[in-house]
Amino acid sequence: MTTNGTRYDLVLFGSDLQGAERAQAVSRLAQLLKVAPEQGAQILEQRGLVIARGLDADTGAETQRKLLAIGVRCNLRPCSTSGLTLELAAVEAPPTVMTCPACGHVQQVKGDEPAPTTCEQCEIVFAKYENLAKEKKEREQIRQTLLYEQQRSLERDQREQEERLAQQRRRQLEDEIRKQLGLPRLMASRTGLISSAAGIYLLGLSMGAGGLFAYNLLSGSGTIAPDPKRFGEGALAMGQAAAESGVFDPGMVAEMQVSALLDPAAGAAAAEPGAAATDPGFAATGPGAAADTGAIPGAAGPLPNASFGQSGAARPGQPGAARAGTAAPDGSDALGFLDSRLADLKNDTEWDLYLLGRIQALHERGAAPQAMALVEHLQDPELRFDRGARLADDLGREGRSADAENLYLRLGAAADQQPDHAGARVAAYATLARHRHRAGRPTEAAGLLQQAMSMAATLTAPADQAAAEIEIAALLTDLGRPAEARTHFQAALGALGRIQAPAARLAAIPPLAQGYAKAGYRASALNLLDEATRNIASAKDARERERILGVIAQTNAQLGDRQGAMGAAARIAAPAGKDRALHRLVATELAAGRLADAIELAEGLHTPAYQALAAGLVGLRQTALPAYRPLAARSTERAAAAVALLTNPAEQAAVTAELARFAARGGDSAAAERGFAQALRLAESVPSLPERDRALAILAINEALALRLADARTRLPKIADTQLRFALTNDLAVLGDAAKAVGP
């Protein structure tokens with residue numbers, strides 16, 4: 001047979017290189033193919049992949065030479081029979097040449113003879129040698145991954161040590177400067193500072209001048225004290241004194257005033273009877289503590305009650321909701337766990353991460369309308385407005401001003417529709433104003449600022465006022481208007497001082513800390529959270545303590561303080577409540593791209609349900625990263641082993657449904673099908689009607705989040721609780737709109 005103008009396909013067969021040499025080959029392959037390094041690694045793993053078609057002989061040979069030079073094995077094969085002249089061929093097939101992979105011995109095999117299974121020189125078995133070589137390769141991959149994790153851990157420890165030393169040095173400098181300025185020294189013990197302030201205050205009372213005299217002593221001025229309804233009472237005046245001295249650090253003032261507000265002595269007195277005298281925050285609580293949606297990350301204000309959907313079907317006062325003292329004889333509270341999962345699914349981190357990836361992909365493809373529609377379906381409000389504003393800015397820079405302005409109009413309309421509680425509208429306006437200012441649109445930023453101020457003026461609850469004022473103060477700081485920001489910083493602290501209930505005051509600290517962090521006072525924000533953690537005993541109710549500590553832990557994690565987050569979570573007494581908080585930290589670390597930290601946190605969980613959920617989340621992230629992909633199977637096995645430890649079918653159904661969703665998101669449709677089918681069988685077998693309803697609702701939500709809307713809707717008629725069914729119907733409708741925007 002002769003050829004005339006034959007065209008060839010270039011076929012890839014991987015590489016035998018290991019370690020750094022393989023990484024270099026991947027990088028050079030990605031450069032040759034003009035793709036990202038991650039895609040280059042995926043291409044190299046696919047044996048028999050055609051990477052070029054229809055090449056002439058010279059081009060094919062040159063390309064093959066380049067790939068072989070960088071260590072990539074490849075071959076040329078004819079791609080069609082066009083241009084061929086057929087001639088009679090010999091009946092006998094040509095011999096096949098085989099090379100031993102161990103010793104390199106070459107042996108020929110006639111075409112009609114079976115391929116040998118062993119080498120005639122060294123007598124190795126080819127199949128066993130290939131299996132051993134494959135296992136050796138997998139071991140090396142896992143070894144490299146573990147070495148990488150170890151290096152990350154060492155770097156993290158070193159970074160934490162440097163931060164501690166820097167903070168210690170900063171405090172020393174603060175003490176020196178305070179001494180020069182005649183300001184009170186920031187004591188290592190906050191109790192000492194509180195005692196000093198209280199002593200001066202009592203001295204003023206004993207001399208008959210009351211609070212006014214105490215304030216004059218603290219401020220060193222003869223002016224009249226500010227209205228306590230605006231600035232707070234007692235030790236709150238210290239911040240005003242520092243401001244009048246000409247040195248105003250909002251973060252420093254906040255630390256001093258909040259330290260005085262969260263009086264440990266008052267907290268101990270307020271602890272519920274029978275609690276431990278050393279730390280009432282460790283009072284025993286049941287594992288089925290009330291569900292907590294938590295403060296939406298970055299949003300302002302107090303913590304809303306647990307709810308599911310728009311009807312609040314999971315609230316304790318409604319039929320079937322979890323109540324204190326309803327734990328099963330074996331110590332578990334399945335209904336409480338199910339209600340908490342329903343609440344957490346309303347703000348699911350994995351779903352938001354998935355939508356962010358789709359938004360980016362749609363934007364890169366030029367599908368701006370679909371990307372804009374998806375922004376509105378992000379569950380985290382702050383993420384929704386921040387990501388939407390950044391997308392609008394990107395569209396403006398790309399010359400798509402009409403799309404950018406349209407998106408800003410839609411975001412503004414969405415901000416107007418935010419609920420009034422917790423100053424959610426103020427937070428939305430502030431986020432949009434910050435982006436408008438950075439985009440060089442000061443007039444629009446000023447208009448949004450005015451809307452935020454007008455909205456804040458209508459709030460009546462002190463916690464809402466504190467959250468709104470701190471958002472405005474952070475925005476004014478960002479706009480370069482420190483004098484105006486100072487007034488709103490003080491107003492926020494004054495509103496905090498007007499909160500009477502200790503638990504409500506503690507619950508207001510996380511959004512306050514978020515605001516200080518936005519304004520650039522991260523160290524002060526972390527100190528505020530630390531104060532709230534150490535004074536958690538002032539919250540009377542054990543459920544309140546668990547709820548507040550969970551939000552404090554998550555806020556610490558969002559600000560990058562893992563040690564503070566772990567410290568807050570460790571103070572939760574109930575094992576289920578503690579693991580719920582740790583599971584949220586795992587999701588937060590994954591959202592921040594800190595996979596090694598998330599793995600370490602997941603390994604510290606003890607409750608089987610949360611062990612399984614955390615392992616599933618970690619495995620999903622490992623599947624998406626080539627370097628960690630060999631470890632994903634291990635995470636899947638850990639999740640399955642944890643599910644096997646569950647004895648309640650409703651809990652099994654709920655956890656299995658979430659793991660099935662993770663499998664669907666990771667591309668394993670067969671495992672997803674099996675998981676959803678198993679979850680349905682388990683849910684239908686639950687004898688308790690309230691537990692069965694919630695297990696079916698959790699299954700439906702996970703199917704909808706996996707974009708299986710038709711299956712999810714079939715669960716609705718099986719739910720007996722009308723409120724829960726109504727809420728689920730609304731949620732499936734919203735997720736259905738999101739699925740349409742996601743596209744194929």
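The first residue in the sequence is number 1, and the count goes up from there. What you see is a predicted model; the values in this text were computed from it and never measured.
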Atom of [X], atom of [Y] and distance for their closest heavy-atom approach:
X: Val618; Y: Ala598; result: CG2-O, 4.3 Å
X: Ala568; Y: Leu549; result: O-CD2, 3.7 Å
X: Trp351; Y: Arg661; result: N-NH1, 4.4 Å
X: Ala612; Y: Leu659; result: O-CD2, 3.5 Å
X: Leu353; Y: Ala591; result: CD1-CA, 3.9 Å
X: Val426; Y: Ala468; result: CG1-O, 3.7 Å

Do the side chains of [Y] and [X] get nearer than 4.5 Å, heavy atoms only?
X: Pro608; Y: Val643; answer: no
X: Leu601; Y: Arg562; answer: yes
X: Arg629; Y: Pro626; answer: yes
X: Val742; Y: Leu355; answer: yes
X: Phe726; Y: Leu716; answer: no
X: Ile359; Y: Arg390; answer: no
X: Leu362; Y: Leu374; answer: yes
X: Asp711; Y: Phe676; answer: no

So, are [X] and [Y] salt-bridged, with charged N and O less than 4.0 Å apart?
X: Asp731; Y: Lys346; result: yes
X: Arg400; Y: Asp394; result: no
X: Lys718; Y: Glu684; result: yes
X: Arg387; Y: Glu376; result: no

Return yes if a side-chain donor-acceptor contact under 3.5 Å exists between [X] and [Y], otherwise no.
X: His363; Y: Glu398; value: yes
X: Tyr408; Y: Asp393; value: yes
X: Gln360; Y: Glu364; value: yes

Any sub-3.5 Å donor-acceptor pair from [X]'s side-chain atoms to [Y]'s backbone N or O?
X: Asp579; Y: Thr607; result: yes
X: Ser685; Y: Leu682; result: yes
X: Asp403; Y: Leu395; result: no
X: Arg694; Y: Leu338; result: no
X: Glu589; Y: Asp597; result: no
X: Arg384; Y: Leu378; result: yes
X: Asp352; Y: Gln379; result: yes
X: Asp386; Y: Glu382; result: no
X: Arg425; Y: Asp416; result: yes
X: Asp693; Y: Asp721; result: yes

What residue among Arg584, Arg665, Arg621 forms salt bridge (Lys or Arg N to Asp or Glu O under 4.0 Å) with Glu350?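 Result: among Arg584, Arg665, Arg621, Arg665 is the only option passing the salt bridge (Lys or Arg N to Asp or Glu O under 4.0 Å) with Glu350.
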Inter-residue atom distance [X].[atom1] - [Y].[atom2], 0.5 Å rounding:
X: Leu617; Y: Asp348; atom1: CG; atom2: CG; result: 7.5 Å
X: Arg715; Y: Ile698; atom1: CZ; atom2: CD1; result: 14.0 Å
X: Arg692; Y: Ile719; atom1: CZ; atom2: CD1; result: 11.5 Å
X: Asp344; Y: Glu658; atom1: CG; atom2: CD; result: 8.5 Å
X: Leu356; Y: Leu383; atom1: CG; atom2: CG; result: 5.0 Å
X: Leu595; Y: Ile599; atom1: CG; atom2: CD1; result: 4.0 Å

Please lay out, stage by stage, how Glu471 and Gln514 fare under the test side-chain hydrogen bond (donor to acceptor under 3.5 Å, both in side chains). CA-CA 9 Å; Glu471 284 285 350; Gln514 289 273 15; over 6 Å; no
Whether Tyr610 and Phe337 hold their rings parallel, tilted or perpendicular, with breakpoints at 30° and 60°: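 Judged by the thresholds at 30° and 60°, the geometry between Tyr610 and Phe337 is perpendicular.
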